[in-house]
Amino acid sequence: MDKPLTPDEILKIFKACGALLEGHFLLSSGLHSSQYLQCALVLQYPVHAETLCALLARPFQGQGVQVVAAPALGGIVVAHEVARALGARALFTERAEGGMTLRRGFQISQGERTLVVEDVITTGGSTREVIHVVEEQGGKVMGVGCLVDRSGGASFEVERHALVHLKIPNYPPEACPLCQEGRPLAKPGSRQAKARG
Ligand SMILES: [Zn+2]
């Protein structure tokens, strides 16, 4: 990759894959939104996953990253492709009995230089949980990376990078400007939402 993609070019890829939809959406939280983001739809194309994750890996090149860790499920492909770009290994944490944990025999050795990645950071909660798991294992967290940061500034004590920063406003139905305009409401993932994207 010679020239890094700009955030606009990256968003164009997301939109072309239907991973970023514009419309009037009912979210699983019950809130309404004018945009809907589903990173899996861009990551389903290995060529995009490879390109985007290589770009995400760039600022961490030369830091001796040995492990890339992500929360399942959304982070697995990102960890795998970022690890490929850095010549590191990739592993993922899973939620079990309420807490985030390493399963499947995954291990991080004392002092191993570990990068924590995600597809999307929304509140930063699961990223912090992965950081905690890495530190519990004795790993050294070198930084945090995500494809899309929609947190509006979640803070971490380590270096962090995102390919794109996106602020997606949510509204309770009674205060939704799109409802007031009478725009039809779609449930993301449904046929209706796909047709609109
Ligand atoms: Zn609405």
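Order of listing sets the numbers, starting from 1, for every ligand and every atom in it.
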For residues His161 and Arg58, determine if any side-chain heavy atom of one lies less than 4.5 Å from a side-chain heavy atom of the other. no

Report whether Val141 and Met100 are members of the same hydrophobic cluster (ILVMFWY, side-chain heavy atoms less than 4.5 Å apart, transitive linking). yes

Under 2.8 Å from the Zn ion (ligand 1), protein N/O/S atom count? 4

Quick one: sort the Tyr36 and Phe25 rings into parallel, tilted or perpendicular, breaks at 30° and 60°. tilted

Going by salt bridge (charged side-chain N to carboxylate O under 4.0 Å, His left out), name the pairs with one or both residues in residues 145-156, residues two or more places apart or in two chains. Asp149-Arg160

Taking only residues at least two apart or on different chains, which pairs with a member in residues 116-140 satisfy salt bridge (charged side-chain N to carboxylate O under 4.0 Å, His left out)? Arg95-Glu129

With sequence neighbours excluded, residues passing side chain to side chain contact (heavy atoms under 4.5 Å, CB included) with Ala69: Leu91, Thr114, Val130, Val134

